[in-house]
Amino acid sequence: MRSLYIFGENKMKTEIKATVGLIFIGIILVGSPIINTKFDKYQSENYEKLDIKTRYDLKGAGSWKANGTVICNASDSQNLPKICSDGTGGAIITWHDNRNGANLDVYAQMIDSNGNVNWTTNGVAIGAASGDQSYPEICSDGEGGAIIVFNDYRGGATSDIYAQRIDSNGNVQWIPNGVAICTASYYQLLPQICSDGEGGAIIIWNDFRGGSYSDIYAQRIDSNGNVQWTPNGVAICIQSYNQLQTKICSDGAGGAVIMWRDYRNGNNFDIYAQKIDSNGNTQWNANGVAICTASSDQYYPKICSDGAGGAIITWYDNGIRAFWDIYAQRIDSNGNVQWTTDGVAICTAENEQLVSQLCNDGAGGAIITWYDYRSGIYSDIYAQRINSNGNVQWAMDGVAICTAENEQLAPQICSDGAGGAIIIWNDFRSVSYSDIYAQQINSTGNVQWTVDGIEICTADNEQINPQICRDGLGSAIITWEDYRNELDVDIYAQMIIEFPDETPPKVFNINPGLIIIVVLSILGGAGIAASVYLIYTKRKGIIRVITGEGKEIQKIPVKPKMTEKAQLLLSFCPFCGIKLRVIGKYCTNCGKKMIPE
C-alpha cells in the first residue's frame, strides 16, 4: 500500500491509499460555491475500470473550518451537546445553555453537509420556560427535523420531563417550550429517547414518584405532540431500591428495548432489560429480564439494536477480578439472553477497562470501544467486534485504536455503514489540554487512518464531551464543548468524509473561495505523480504534495484570480459530475456556470 497526503491552507488534509497498480482518482475540494460531486455519475473509461473500493461520492469543503465550525458561541456557557442526523447529510445538535444568566435553557441548531448553520444564529430555543431546562437528548423525526427531550424545573423545586419537535427549517412544532411528558410528583430526571419510526418518539426516564428510590417509566409521543400511553408514563421497572442509568434503542417495530442498572438485590448493582411495544405494553418479565447478576457491581451499561428486535448490551464489570473489565450480552426479541450467562468477556486485560460504548455492526453483532489502562498509569482507546453468536472477532482483548502519549478518554462510536466504526475521544497527547481525535476501524479490525487517529480539533484550551452521528450520506459529523474562548464554553462541530474499506478520510478545513482539481496517478513500481489544476481562488499560497513516508515530492504555488482558460483542463462538471461532451463556460447537463463569479 502507498499513501499520499495533500496539504493546503488551514491544514486541509487528504489521505488516499490505493492498491499498487494503475489508478486515476479525481478529487474536487470546494470552498465557494458549494459543490457536491457524485463520482457514480462520472462515466469515463478510466473510472469504469476502478476497483469498487475507490468509487465513492465526494463533497465540497463548503463552510467547514479548521478546528471546527461554530454551532453556538453565545454569551456565557453552552454545555453537553447531543447530535442526530438530519437524514440529508447534515445534523441537528442540541445543548443546554446559560446565555440568559440565572437559568439553563435548551437550544438547537442544524448544520448542513457543507458546514452551513441553517437556523437562527446561536440556535433556536427549544425549552426556555422559567427554571432550568437541561440535559437534552435528541433523535431524528424521520423528516429532516428532530425530537428533543429534557429535564424541566418550570414547575418548581422538582424536575419534570418535557419534549419539543423542531422541523428542518428550525420551526418548533409543538406548544412553546415543549409538551409535558411527565409531571408526576417528586423528581423525574435524565430522559433518554429513540424514534418510534413514525415521526414520534419513545422516551424513558428515572422517576422518584414512589419515594426515596428511582424507578423507570416510559412514554410515547406522536409526531403531533400527543402522548400516546398512560398519563405520566408506563412503569418499566418499579422493583425495590434504585434503578438507574437507563438507555434505550428502537426494536424496529414501533417499540423499544430499555436497559438499566438495578440495585434490587440490595448488595450490588446488576443489569436488567425490558421491551415495550408501540401500544405501551411491556413484553418480557415484570420488572425486566436479568442481563447480568454476577457478583460485585456492573456499571454504566450501554445498548444498541441487534437488527432483529432485540439488543446488545455492554458494561464494565469487576465481578471476577479486582479490576474492571468489559462484558457484553445479547437479548433476543422474546427476552431470551443469547450468550454466556452474565455475559461474554470483551476485554479482561491487565488493569482497568472502563466506560464502554457500542454500535451495531450491521450483521447482528456490535463493535465495542472503551478506555483501557493495560499500559500503566495512562489510558488508551481499544475496540472489539462481537458477532451475533457471541464470538469476539478481533485480537484477544481488543485492537488498539489509540496508544498515543498521556491520556485518551471518553470514546464515542458510530457505525461506518460498512461493518466497521468511527471512534472519537478526548485526547491529552498535548499534555495540557484535551483535544478531539478520531479513527476508523474496518470490519476485520484494521485501523484505516493515521496511526493514533486524525485531528478533529486541536484548538487552544479544552475540547471535551465529543458526540458523533452518521450523516445519512456516508460521512460522520462530530460536535463537542469547546473552551478556546477562555471566558465561556461554546459548541463546535466538524465533518469527516469517511470511505469504505481501506480508503481513509478527508477532514475538510479550507478557506472559502478555493476550488482545486487534484488528479493522482499511482503507478505500480514507478512511484507517484500528481497534478493540480487550480480553477478559482481569491487567495495565494502553496500546496505541498507529500508521500506517505513524509517525502515532499512537489510544491504547487496557488495564485489568485486564475483565468477561465484553466477550466479547459476539466473533462467533467464539478457541479453534477457528468462527463462533458463539449467544453465550454456552462455545463451541458446541469447548466451551471463552470467558472464561479
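Bear in mind that the values here come from a model prediction, so they are computed numbers and not experimental data. As a basis for the values below, the full set of heavy atoms in this structure was taken, side chains included, without hydrogen atoms, waters or symmetry mates.
- With values rounded to the nearest 0.5 angstrom, L354 atom CG is found 5.5 Å from Y316 atom OH.
- Proximity of a side-chain donor or acceptor of N67 to a complementary backbone N or O of T458 within less than 3.5 Å is detected.
- Within the 4.5 Å cutoff, no side-chain heavy atoms of D460 are placed close to those of Y433.
- Between the side chain of Q439 and the backbone N or O of T450 there is at least one donor-acceptor pair closer than 3.5 Å.
- Q412 places no side-chain N or O within 3.5 Å of a backbone atom of Q467 that could act as its donor or acceptor partner.
- A pairwise comparison of heavy atoms in Q164 and G178 identifies NE2-N, 3.3 Å as the closest pair.
- H96 and Y135 have perpendicular rings, their planes meeting at more than 60° on a 0 to 90° scale where under 30° would count as parallel.
- Although no hydrogens or angles enter the test, the distance criterion places a donor-acceptor pair under 3.5 Å between the side chain of D452 and the main chain of T403.
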> Checking side-chain contact (heavy atoms from CB on, under 4.5 Å) for the pair I468/I477: CA distance, chi angles, key distance, verdict?
Replying inline: CA-CA 6 Å; I468 187 169; I477 297 178; over 6 Å; no

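- The shortest distance between side-chain heavy atoms of N465 and W480 does not fall below 4.5 Å.
- Residues A493 and I93 approach most closely at CB-CD1, 3.9 Å, considering heavy atoms.
- Annotation: the span from C304 atom SG to I313 atom CD1 amounts to 9.5 Å, rounded to 0.5 Å.
- Counting all heavy atoms, side chain and backbone alike, A218 lies closest to I204 at CB-CG2, 3.7 Å.
- Inter-residue side-chain proximity for C359 and S415 is flagged as met; some heavy-atom pair is nearer than 4.5 Å.
- Of all heavy-atom pairs spanning L358 and A366, the tightest one is CD1-CB, 4.0 Å.
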> Can you check side-chain contact (heavy atoms from CB on, under 4.5 Å) on W449 and I496, steps first, answer last?
Replying inline: CA-CA 12 Å; W449 301 340; I496 302 177; 3.6 Å; yes

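- Looking at every heavy atom in both residues, W95 comes nearest to N122 through CZ2-O, 3.5 Å.
- Residue Y300 qualifies as open at atom OH: its count of foreign heavy atoms under 6.0 Å is 12 or below.
- Shown here for A256 and C194, the closest heavy-atom pair between the two residues is CB-SG, 3.9 Å.
- The closest side-chain heavy-atom distance from W425 to C402 is below 4.5 Å.
- D97 contributes no side-chain N or O that, together with a main-chain N or O of Q78, makes up a donor-acceptor pair within less than 3.5 Å.
- With values rounded to the nearest 0.5 angstrom, L409 atom CG is found 5.0 Å from E407 atom CD.
- Between the side chain of S356 and the backbone N or O of T369, no donor-acceptor pair lies under 3.5 Å.
- The backbone N or O of F428 sits nowhere less than 3.5 Å from a side-chain atom of S434 that would complete a donor-acceptor pair.
- Side-chain contact between I161 and N151 is present, with at least one heavy-atom pair separated by less than 4.5 Å.
- Remark: the backbone N or O of Q408 is paired with a side-chain donor or acceptor of S379 at under 3.5 angstrom.
- No side-chain heavy atom of W315 sits less than 4.5 Å from a side-chain heavy atom of R261.
- Between the CG atom of L104 and the CD atom of Q133 there is a distance of 8.5 Å, given to the nearest 0.5 Å.
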>> What verdict does the side-chain contact (heavy atoms from CB on, under 4.5 Å) test give for T94 and V106, after you've listed the backbone C-alpha separation in whole Å, the side-chain angles of each residue and the deciding distance to 0.1 Å?
In response: CA-CA 7 Å; T94 187; V106 172; 3.5 Å; yes

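- Residue F208 places its CZ atom among more than 12 non-hydrogen atoms of other residues, nucleotides or ligands, all under 6.0 Å distant.
- W324 and Y299 have their aromatic ring centers within a separation under 6.0 angstrom.
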>> Working note: N118 + N116, criterion side-chain contact (heavy atoms from CB on, under 4.5 Å); need CA distance, chi angles, decisive distance, verdict.
In response: CA-CA 6 Å; N118 286 356; N116 302 304; 4.0 Å; yes

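- Note that the CD1 atom of I181 and the OH atom of Y217 stand 16.0 Å from one another [nearest 0.5 Å].
- Side-chain atoms of R470 come within 3.5 Å of backbone atoms of D416 as a donor-acceptor pair (strictly under, hydrogens ignored).
- Atom CZ in R484 sits 6.0 Å away from atom CD in Q463 (nearest 0.5 Å).
- The environment of Y153 atom OH is dense: over 12 non-hydrogen atoms of other residues, nucleotides or ligands sit within 6.0 angstrom.
- Side-chain polar atoms of W119 and Q109 form no donor-acceptor pair below 3.5 angstrom.
- Side-chain atoms of Q494 come within 3.5 Å of backbone N or O of K65 as a donor-acceptor pair.
- A heavy-atom distance below 4.5 Å is not found between the side chains of N485 and N73.
- Within the 4.5 Å cutoff, side-chain heavy atoms of Y492 are placed close to those of V70.
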